[in-house]
Structures are given as structure tokens and as C-alpha cells.
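All ligand and atom numbering here is 1-based and tracks the order in the structure. FYI, the numbering just counts along the sequence from 1. Atom set for the values below is all heavy atoms of this structure, side chains included, hydrogens, waters and symmetry mates excluded.
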Amino acid sequence: MVVLTNPTLEQIPLVRSPKHGAYFGGIPAIDLSAPGAAEAVVKACEDFGFFKVVDHGVPMELMRRLEAEAVKFFAMPQADKEKSGPANPFGYGSKRIGPNGDIGWVEYLLFAVTSDPLSHTSMAFLEEPSASSLRSALSDYLRALKKLAVQVLELMAEGLKIEARDAFSKLVMDEQSDGIFRLNHYPKFPLLERLNCSLTGFGEHTDPQIISILRSNNSTGLQIALKDGSWVSVPSDQASFYINVGDSLQVLTNGRFRSVKHRVLANGIKSRVSMIYFLGAAAAEKIAPLAEVMGEGEQSKYKEFTWGEYKKAAYTTRLSDNRLGQFEK
Ligand SMILES: C=C1C[C@]23C[C@@]1(O)CC[C@H]2[C@@]12CC[C@H](O)[C@@](C)(C(=O)O1)[C@H]2[C@@H]3C(=O)O
Ligand SMILES: O=C(O)CCC(=O)C(=O)O
Ligand SMILES: [Fe+2]
């Protein structure tokens with residue numbers, strides 16, 4: 001890997017290798033209402049920690065409306081966008097990701113999401129009349145995605161033969177559940193075409209929460225790491241959602257589900273706009289393997305911790321750090 005020292009790009013790592021890698025055809029595409037969906041979800045979480053949800057019933061109009069609002073926001077003059085920043089942790093951010101020195105070719109808006117999607121007022125600008133269309137698009141989108149999250153989490157429980165269908169979903173339905181919503185914009189960087197490489201948009205990491213639900217415009221860039229450590233490119237599909245297993249779900253399943261390592265590469269051809277809903281438990285919730293997923297005599301692979309403790313520790317780490325490492329037994 002080389003690093004560009006152009007002052008505009010500061011120190012953002014360039015990824016040389018094949019431009020976007022080969023597009024991976026093996027990502028499971030699951031229709032949640034099809035027979036065998038629960039088993040397919042479990043297999044996808046074990047094999048990849050990642051899958052695509054098709055025919056999900058979320059109106060395309062909701063997705064397009066929010067995307068259009070994001071595009072409108074990111075097209076504003078830099079000084080106006082910065083009125084909503086810096087992201088500490090919520091608000092507008094550009095190039096700097098998190099508090100510990102990570103950088104990428106990305107600008108973003110981060111919102112806190114409480115159990116009532118309407119009260120996601122973590123930023124003063126959302127209260128302004130000029131933001132009313134973004135606020136309303138966000139509320140409608142989050143409400144629909146919360147339902148989708150519950151459906152996915154219930155299928156996971158069913159597929160794992162856990163009697164309580166809400167074993168996972170109740171964690172995100174809790175009044176105090178801790179969600180985050182993120183709008184990312186990776187501007188295209190035409191010089192990359194000539195250099196024959198990509199630029200790190202969002203460096204490799206796992207998501208700390210239970211699951212994340214990702215939707216992007218028809219632009220590529222997302223890559224996931226397979227079990228053997230190789231990176232593969234995820235084909236873009238603006239009509240579908242991608243589900244990431246997060247660190248918390250890996251622990252809840254005692255490592256049976258895999259928290260997927262992923263990253264985003266920016267390119268010279270098309271800007272990428274993604275929207276990601278990260279669903280976390282309540283701060284006081286214990287994150288420990290469910291008794292029902294443990295085989296006879298199986299021990300937990302992790303020390304006991306609450307979501308609040310994990311999150312606090314996560315914010316002291318760099319993106320690519322192995323956050324679960326310090327909680328492993
Ligand atoms: C470098 C960081 C950014 C992050 C907080 C952290 O210290 C480590 C985890 C990062 C991450 C990855 C998934 C989500 O994008 C995110 C919002 C989250 O919950 O954990 C980010 C954090 C962030 O950008 O603030
Ligand atoms: O923007 C994307 O497509 C993914 C970004 C991501 O992984 C994140 O924000 O945690
Ligand atoms: Fe992520």
C-alpha cells in the first residue's frame with residue numbers, strides 16, 4: 001500500500017492492486033419471506049457475516065428520497081456543511097473518521113438514533129425549518145428499517161433454533177437501545193483513473209453493534225474480507241439492503257456468526273452515497289453468548305461486558321484495530 005502525500009489528500013492510503021478487485025458473485029441474496037430463509041440467513045452469517053436482502057418490501061421511494069436529501073446536503077458549500085460539524089461523535093465530518101486519527105476520502109453525517117426514530121435530534125441543524133425534508137425522509141426511512149431489522153433478527157433466532165423468537169430483536173426494540181445512522185459521501189476522484197488505483201474511502205474495520213443495514217446508490221466501492229482474509233468487491237444494488245454482522249452479534253452467538261471485516265474504496269468514475277443504520281443494544285445490556293446457542297459444556301469465548309463498556313472501549317481504538325480482542329478469554 002502507498003500513501004498519497006498531496007496536501008489535498010493529506011495522508012489517505014491509496015490501494016494499488018486491482019482497481020476494485022473481482023466482483024464477488026457468492027454473496028447470498030435472501031428473500032426474507034421465502035421458505036428456508038431462516039436457515040439461509042444463519043448460513044450467510046456463519047460463512048460471511050454478510051448478506052443481501054432482496055424483495056424486502058421497503059418502498060424504493062423512501063430510499064430515493066433520503067438519498068436525494070443526502071446528495072442535496074453534501075452539495076452545499078463546505079462552510080455551510082461545517083456548521084453541522086465537527087462530528088464528536090455526531091454531526092458533519094470530512095476525511096477524519098472517529099477520534100483517533102483515521103482518515104479517508106469521505107464526508108459524512110452521523111446521527112444518534114434512539115428507540116423512537118422521531119427523536120433522533122442529535123444535531124441542532126435538523127431542527128431548522130430548512131432541514132425539515134431531510135428530517136422527515138430520515139424518520140420514515142428509520143421507521144421502515146427498524147421493522148426490517150426486527151424481521152432479520154427474528155429469522156436469525158429461528159434459524160438458530162432459539163425458542164424465543166425475539167432473543168435478538170428485543171435488544172434493538174428496547175426503549176434504551178443505542179442506534180447510529182450514517183450518511184456517507186465518497187466523491188469521485190478522477191485522477192485515480194490515470195493512476196490505476198483506488199483511494200481508501202473508509203478503512204477496514206468491523207462494526208461494533210449487533211447488525212448494520214447498508215444501502216448505497218449504484219456505485220461500487222464496498223469490499224468485504226472472506227474467511228481466508230482475501231478482499232472481494234460487493235456488486236452495487238441500489239434496490240437491496242446489505243446486512244453486516246457486528247461484533248455484538250458475534251459475541252451473542254459465541255463466535256458462530258462472524259463480525260465481517262469491510263472497507264470502502266473510492267474511485268475515479270462515480271461518487272458513492274451510502275446510508276447505514278447501526279443497531280446497538282441498550283448501554284446497560286449484557287453482551288454475552290445466549291445460553292441457547294451454546295453446545296453442551298461449551299464455554300463463553302468472551303469476558304462479560306455491557307454494550308456501554310464495549311462502546312466506550314471502541315472509541316479509544318483505531319478503525320482497523322481488533323476491538324473484540326481485549327474482551328476475548
Ligand atoms: C475510529 C473509530 C470510528 C468509529 C469509532 C472508532 O473509534 C472505532 C469504531 C468506528 C465505528 C465503525 C462503525 C460505524 O461507522 C461507527 C459509527 C461506529 O459505531 O463504530 C464508527 C465510529 C465513528 O465513525 O465514530
Ligand atoms: O459507506 C459504506 O458503504 C460503508 C461504510 C461503513 O462501513 C461504515 O460507515 O461503518
Ligand atoms: Fe462499517
Undergrad: Just to check, does Lys311 reach to within less than 4.0 Å of ligand 1 when the distance is taken from its heavy atoms?
TA: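 The answer is no: ligand 1 sits nowhere under 4.0 Å from a heavy atom of Lys311.
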
Undergrad: Should you measure from each heavy atom of Asp102, which atoms of ligand 1 turn up under 4.0 Å away?
TA: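 Those of ligand 1 that fall under 4.0 Å from Asp102 are 1 (C).
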
Undergrad: Could you find the nearest protein heavy atom to atom 10 (C) of ligand 1 and give me its residue, atom name and distance?
TA: Leu319 CD2, 3.9 Å

Undergrad: Within ligand 1, which atoms have a heavy atom of Gln209 less than 4.0 Å away?
TA: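 Answer for ligand 1: 18 (C), 19 (O).
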
Undergrad: Taking N or O atoms only and a 3.5 Å limit, does Arg182 qualify as a polar contact for ligand 1?
TA: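 So ligand 1 has an N or O lying under 3.5 Å from an N or O of Arg182.
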
Undergrad: Hey, is Lys161 close enough to Glu292 for a salt bridge, meaning N to O under 4.0 Å?
TA: no

Undergrad: Can you sort out which atoms of ligand 2 are near Ser274, meaning under 4.0 Å from one of its heavy atoms?
TA: 1 (O), 2 (C), 3 (O)

Undergrad: Please list, in number order, the atoms of ligand 2 under 4.0 Å from a heavy atom of His262.
TA: 7 (O)

Undergrad: Using a heavy-atom cut-off of under 4.0 Å, does the side chain or the backbone of Arg272 touch ligand 2, or both, or neither?
TA: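 Side chain only.
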
Undergrad: Please report the interatomic distance OG(Ser212) to CD1(Ile180), rounded to the nearest 0.5 Å.
TA: 9.5 Å

Undergrad: Just to be sure I read this right, does ligand 2 sit under 4.0 Å from the backbone of Phe278, its side chain, both, or neither, counting only heavy atoms?
TA: side chain

Undergrad: With heavy atoms only and a cut-off of under 4.0 Å, state how Ala87 meets ligand 1: side chain, backbone, both or neither.
TA: neither

Undergrad: Would you tell me which option among His185, Gln223, Glu204, His205 has the nearest heavy-atom contact to atom 6 (C) of ligand 2?
TA: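 Heavy atom nearest to atom 6 (C) of ligand 2 belongs to His205.
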
Undergrad: For ligand 2, is Tyr108 a contact, meaning one of its heavy atoms is under 4.0 Å away?
TA: no

Undergrad: Which angle, to 10 degrees, forms at the Fe ion (ligand 3) with OD1 of Asp207 on one side and NE2 of His262 on the other?
TA: 90°

Undergrad: Could you grab the distance from atom OG of Ser169 to atom CD of Glu154, nearest 0.5 Å is fine?
TA: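 If we round to the nearest 0.5 Å, Ser169:OG and Glu154:CD are 4.5 Å apart.
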
Undergrad: Give the numbers and elements of all ligand 2 atoms closer than 4.0 Å to a heavy atom of Asp207.
TA: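 So the atoms of ligand 2 that pass are 10 (O).
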
Undergrad: With the threshold set at 4.0 Å, does a side-chain nitrogen-carboxylate oxygen contact exist between Arg318 and Asp321?
TA: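 Answer for the salt bridge query: no.
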
Undergrad: Measure Pro89 to ligand 1 on non-hydrogen atoms and call it side chain, backbone, both or neither using the 4.0 Å cut-off.
TA: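 The answer is neither; Pro89 stays 4.0 Å or more away.
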
Undergrad: Ring centres under 6.0 Å, that's the criterion: do Tyr186 and Trp105 meet it?
TA: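 No, too far apart.
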
Undergrad: Would Val54 and Tyr23 show up in the same hydrophobic cluster when neighbours are defined by side-chain heavy atoms closer than 4.5 Å?
TA: no

Undergrad: Which residue holds the protein heavy atom closest to atom 12 (C) of ligand 1, what is that atom called, and what is the gap in Å?
TA: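 In this structure, atom 12 (C) of ligand 1 has His205 CD2, 3.7 Å as its nearest protein heavy atom.
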
Undergrad: Is the shortest distance from a heavy atom of Pro208 to ligand 1 less than 4.0 Å?
TA: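 Yes.
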
Undergrad: Same hydrophobic cluster for Ile213 and Leu142, using side-chain heavy-atom links shorter than 4.5 Å among ILVMFWY?
TA: yes

Undergrad: So which heavy atom in the protein is nearest atom 2 (C) of ligand 1, and how far is it from that ligand atom?
TA: Gly98 CA, 3.8 Å

Undergrad: Answer yes when Asp102 and Arg96 have at least one side-chain N-carboxylate O distance shorter than 4.0 Å, and no when they do not.
TA: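 Looking at Arg96 together with Asp102, the answer is no, because their closest N to O distance does not fall below 4.0 Å.
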
Undergrad: Heavy-atom distance to atom 14 (C) of ligand 1: which of Phe202, Phe278, Phe181 wins?
TA: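 Looking at heavy atoms only, Phe278 sits closest to atom 14 (C) of ligand 1.
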
Undergrad: Can you tell me the N, O or S atom of His205 that's nearest the Fe ion (ligand 3)?
TA: NE2

Undergrad: Starting at CG of Leu222, measure out to CZ of Arg263 and round the result to the nearest 0.5 Å.
TA: 10.5 Å

Undergrad: Mind checking whether Leu214 contacts ligand 2 via backbone (N, CA, C, O), side chain (CB onward), both or neither, at a 4.0 Å heavy-atom cut-off?
TA: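 Only the side chain of Leu214 comes within reach of ligand 2.
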
Undergrad: Run the ring-centre check on Phe327 versus Tyr310 and record whether the distance is less than 6.0 Å.
TA: yes

Undergrad: Among all the protein's non-hydrogen atoms, which is closest to atom 9 (O) of ligand 2, and how far away is it?
TA: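 For this ligand atom, the closest protein heavy atom is Arg182 CD, 3.1 Å.
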
Undergrad: Report yes if some N/O of Asp207 lies less than 3.5 Å from some N/O of ligand 1; otherwise report no.
TA: no

Undergrad: With no hydrogens and no angle check, do the side chains of Asp237 and Ser240 hold a donor and an acceptor under 3.5 Å apart?
TA: yes

Undergrad: What protein heavy atom lies closest to atom 4 (C) of ligand 1? Include the residue and the distance to one decimal.
TA: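 Looking at atom 4 (C) of ligand 1, the protein heavy atom closest to it is Tyr315 CE2, 4.5 Å.
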
Undergrad: Which ligand 1 atoms, with their elements, are less than 4.0 angstrom from a heavy-atom of Thr317?
TA: 1 (C), 6 (C), 7 (O), 8 (C)

Undergrad: Quick one: does ligand 2 sit under 4.0 Å from the side chain of Ile276, the backbone, both or neither, non-hydrogen atoms only?
TA: side chain

Undergrad: We want to know whether Glu328 and Tyr302 form a side-chain donor-acceptor pair, criterion being a heavy-atom distance below 3.5 angstrom.
TA: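 No pair is found: no donor N or O on one side chain lies under 3.5 Å from an acceptor on the other.
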
Undergrad: Taking the six-membered ring for Trp, are Tyr242 and Phe50 closer than 6.0 Å centroid to centroid?
TA: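 Yes, the ring centres sit under 6.0 Å apart.
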
Undergrad: Going by the atom numbers of ligand 1, which of them fall below 4.0 Å from some non-hydrogen atom of Pro99?
TA: 7 (O)

Undergrad: Would you say Leu110 and ligand 1 have an N/O pair spaced under 3.5 Å apart?
TA: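 No.
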
Undergrad: Rounded to the nearest 0.5 Å, what's the gap from CG on Leu145 to CG on Leu62? Could you check?
TA: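 Rounded to the nearest 0.5 Å, the CG-CG separation comes out at 9.0 Å.
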
Undergrad: Pull out every atom of ligand 1 sitting under 4.0 Å from any heavy atom of Asn100, numbered as shown with elements.
TA: 7 (O)

Undergrad: I need the Glu158 CD to Leu153 CG distance, nearest 0.5 Å.
TA: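 Reported to 0.5 Å precision, the distance equals 13.0 Å.
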
Undergrad: If you measure from CD on Glu69 to OG on Ser133, what distance do you get to the nearest 0.5 Å?
TA: 3.5 Å

Undergrad: Is it possible for you to check whether Arg182 lies under 6.0 Å from the centre of the six-membered ring of Tyr108, through NZ or CZ, and within 45° of that ring's axis?
TA: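 Because its charged atom sits under 6.0 Å from the ring centre and within 45° of the axis, Arg182 does stack over Tyr108.
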
